[in-house]
Amino acid sequence: MRGGASLARLQVLKRMYRSPLLTPGNGFCVQAGRHDTLPADTNVCVDIPVPFLLHQLSNGPPQQAQTCKAELLSMYRRMYTIRRLEITADLLFKSQKVRGFCHLYDGQEAIAVGLQSALTYEDSVITAYRDHGIYLARGGTVFETLSELMGKRTGCAAGKGGSMHLYKKENNFYGGWGIVGTPPPLGAGIALAHKYQNRNSVVAAIYGDGAENQGQVYETKSMAALWNLPMIFLVENNHYGMGTAEQRASKKITYFDRVSYIPGIKVDGMDIFSVKQGLLFCKEHCMEGKGPIVMECDTYRYHGHSMSDPGSSYRTRDEIKGVRKARDPIEHLKRIILEKKIANQNELKDIDGNVKGEVEKSLKKSEEASPPQEEDLFTNFYKKDAGLEVYGCDRKHVVSKLP
């Protein structure tokens with residue numbers, strides 16, 4: 001490699017590994033205090049027990065990850081925040097304070113936080129309707145999320161989007177989308193913009209195993225490969241497309257190796273470091289100009305497909321309990337923290353208590369917020385308007401002038 005190319009490569013890697021997880025002010029950092037009995041930058045080596053599976057690749061990520069105390073505790077806090085948020089959303093839905101569709105993310109927290117530990121806010125992310133965890137990982141707050149779920153003006157979409165449509169424009173999070181299979185084609189459009197603008201960043205398009213069988217996903221893969229787009233097709237394989245087990249919906253039940261012209265990797269989606277190392281590898285692949293890549297995350301959701309689905313008619317309660325006991329992503333990270341003597345049980349309980357308190361405080365604030373008003377129905381249609389007047393169906397009583 002020539003000297004100039006080597007320097008450019010070093011700069012790319014520095015950008016790749018500058019994780020927002022450790023950026024002050026975004027909710028990921030663990031505050032100084034009784035947990036900082038050891039230096040926050042103490043190096044820790046973590047083993048990744050489940051081997052990576054590769055497709056059209058000669059080498060994959062290492063089976064070990066280098067981390068530090070600050071990152072470990074930050075990961076734990078963020079994953080537990082997602083878990084508490086989803087427990088709260090469950091209760092709000094059952095009390096009819098959340099209306100419409102609501103798809104919970106508990107069980108899949110390692111993917112959201114692992115994703116953000118590998119990417120930066122310069123990278124773009126788009127996902128489907130199970131978006132609460134991804135939104136928090138991309139810099140969203142519990143208050144904004146709960147506000148949006150309850151249809152309040154203080155929500156991230158001003159109370160107009162609801163559970164399936166969370167966005168964080170300033171952090172290049174292009175939202176949750178309610179139509180199955182849309183993140184790949186929309187993500188390809190974003191990736192084309194990245195390439196056209198010569199941006200040193202990638203796009204992660206997140207979708208589920210149920211969406212993988214759609215024609216638009218295959219069409220997008222062909223286009224992404226043809227155009228050599230810097231795009232990661234990230235499959236959250238929780239093994240059930242709504243209420244249908246993967247083996248009943250598809251003859252082939254692996255997703256990282258579906259097409260011959262795009263390489264792929266399969267990671268343990270319940271192990272945050274497997275997700276992180278996999279995404280670092282995928283990002284490096286894209287930024288080296290090698291085109292798109294597929295990453296399948298083997299994961300599991302504890303709730304049903306949505307809150308209207310009890311989740312126990314097509315799988316047994318024993319199956320759910322078994323996965324919780326053997327593979328829970330938060331418990332897995334907790335074991336690492338305890339085994340590496342990063343923190344003890346009491347210190348982790350303190351973090352749990354602080355997170356619970358913060359979620360409860362955000363909930364109270366969200367409940368007190370006001371909903372959108374009648375005039376808000378006519379805003380946000382266009383980025384720039386020309387003083388157009390919008391009428392209701394009777395053309396008399398409901399009139400608004402677009403700003």
Side-chain angles (χ1 to χ4, degrees), residues 82-83 85-109 111-112 115 124-169 171-187 189-190 204-212 214 216-217 234-238 240-244 299 301-311 362-363 366 369 371-372 376-377 379-381:
I82 295 173
R83 181 69 57 89
L85 169 71
E86 298 300 59
I87 292 171
T88 302
D90 174 284
L91 296 174
L92 288 172
F93 187 91
K94 290 174 180 176
S95 62
Q96 298 186 348
K97 292 183 179 180
V98 172
R99 302 301 181 99
F101 295 102
C102 185
H103 306 80
L104 301 185
Y105 202 73
D106 50 324
Q108 302 183 195
E109 296 91 348
I111 299 177
L115 170 103
S124 297
V125 176
I126 186 169
T127 189
Y129 38 77
R130 199 178 307 280
D131 58 349
H132 303 170
I134 303 295
Y135 174 72
L136 285 183
R138 290 299 284 180
T141 67
V142 173
F143 171 63
E144 293 167 339
T145 308
L146 292 176
S147 293
E148 190 60 40
L149 263 60
M150 290 189 284
K152 301 301 180 73
R153 268 180 162 175
T154 48
C156 62
K160 299 179 180 181
S163 170
M164 299 190 295
H165 304 289
L166 308 180
Y167 305 93
K168 196 72 173 175
K169 179 181 178 182
N171 292 345
N172 288 308
F173 177 53
Y174 287 83
W177 289 79
I179 305 300
V180 175
T182 51
L186 292 173
I190 300 169
I206 306 170
Y207 57 104
D209 51 287
E212 178 67 43
Q214 287 205 356
Q216 62 179 329
V217 175
L234 199 160
V235 187
E236 292 180 317
N237 181 12
N238 57 33
Y240 293 93
M242 297 186 70
T244 305
T299 187
R301 54 170 164 82
Y302 295 151
H303 272 82
H305 170 72
S306 70
M307 284 300 298
S308 60
D309 168 23
S362 295
L363 172 60
S366 299
D376 294 323
L377 291 171
T379 59
N380 306 121
F381 284 109

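Ile206 has its side chain out of reach of Pro183: every pair of non-hydrogen atoms, C-beta onward, lies at least 4.5 Å apart. The shortest side-chain heavy-atom distance between Thr299 and Asn237 does not fall under the 4.5 Å cut-off. Here the side chains of His132 and Cys102 are in contact, with some heavy-atom distance below 4.5 Å. Counting only heavy atoms from C-beta outward, the side chains of Ile190 and Asn172 never approach each other to under 4.5 Å. The shortest distance between side-chain heavy atoms of Asp209 and Glu236 does not fall below 4.5 Å. Within the 4.5 Å cutoff, the side chain of Leu115 has heavy atoms near those of the Val125 side chain. Side-chain contact between Lys168 and Tyr135: present, with at least one pair of heavy atoms (C-beta onward) separated by less than 4.5 Å.
Inspection of the Glu212 and Tyr207 side chains reveals an N or O donor paired with an N or O acceptor under 3.5 Å.
Within 6.0 Å of OH in Tyr302 there are more than 12 heavy atoms belonging to other residues, nucleotides or ligands. Open room surrounds CD1 on Ile179; 12 or fewer heavy atoms of other groups in view lie less than 6.0 Å from it.
Annotation: ring-ring contact (aromatic ring centres under 6.0 Å, His included) contacts of Tyr129 (sequence neighbours excluded): His103, His305. Residues meeting the side-chain contact (heavy atoms from CB on, under 4.5 Å) test with Thr154, sequence neighbours left out: Phe143, Ser147, Lys152, Ala369. Arg99 is linked by a side chain to side chain donor-acceptor pair (under 3.5 Å) to nothing, counting only residues two or more places apart in sequence or in another chain. For the side chain to side chain donor-acceptor pair (under 3.5 Å) test, no residue two or more places apart in sequence or in another chain qualifies with Glu148. By the salt bridge (charged side-chain N to carboxylate O under 4.0 Å, His left out) test, Lys160 pairs with no residue at all, sequence neighbours left out. In this view, His165 and Tyr167 satisfy the side-chain contact (heavy atoms from CB on, under 4.5 Å) rule, not counting sequence neighbours.
Between the side chain of Glu109 and the main chain of Gly107, a donor-acceptor pair closer than 3.5 Å is present. A donor-acceptor contact shorter than 3.5 Å links the side chain of Asp131 to the backbone of Leu166. Proximity of a side-chain donor or acceptor of Asn171 to a complementary backbone N or O of Phe173 within less than 3.5 Å is not detected. Looking only at distances, a side-chain donor or acceptor of Glu144 sits under 3.5 Å from a matching main-chain atom of Thr141.
The minimum heavy-atom distance between Asp309 and Arg301, with the atom names listed, is OD2-NH1, 4.3 Å. Scanning both residues, Arg130 and Leu104, for their nearest heavy atoms gives NH1-O, 2.9 Å. Contact detail for Val98 and Phe93: the closest heavy-atom pair is O-CD1, 3.5 Å. Considering all non-hydrogen atoms of both residues, Tyr240 and Asn238 come closest at O-OD1, 3.0 Å. Closest approach of Pro372 to Gly151, counting heavy atoms only: CD-O, 3.0 Å. Residues Val180 and Gln216 share a closest heavy-atom pair of O-NE2, 3.2 Å.
Note that CG of Leu85 and CG of Leu92 are 9.0 Å apart. Values are rounded to the nearest 0.5 Å. With rounding to the nearest 0.5 angstrom, the OG atom of Ser362 is 6.5 Å from the CG atom of Leu146. The line from CE of Met307 to CD of Glu86 is 10.0 Å long, rounded to the nearest 0.5 Å. Annotation: the span from Leu234 atom CG to Thr127 atom OG1 amounts to 8.5 Å, rounded to 0.5 Å. To the nearest 0.5 Å, atom SG of residue Cys156 and atom CZ of residue Arg138 are 14.0 Å apart.
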>> Let's go through Ile126 and Trp177 carefully: what are the C-alpha distance in whole Å and the side-chain angles of both, what is the deciding distance for side chain to side chain contact (heavy atoms under 4.5 Å, CB included) to 0.1 Å, and is it a yes or a no?
In response: CA-CA 8 Å; Ile126 186 169; Trp177 289 79; 3.3 Å; yes

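Under 4.0 Å is where a charged nitrogen must lie from a carboxylate oxygen, and between Arg153 and Asp376 at least one such pair does.
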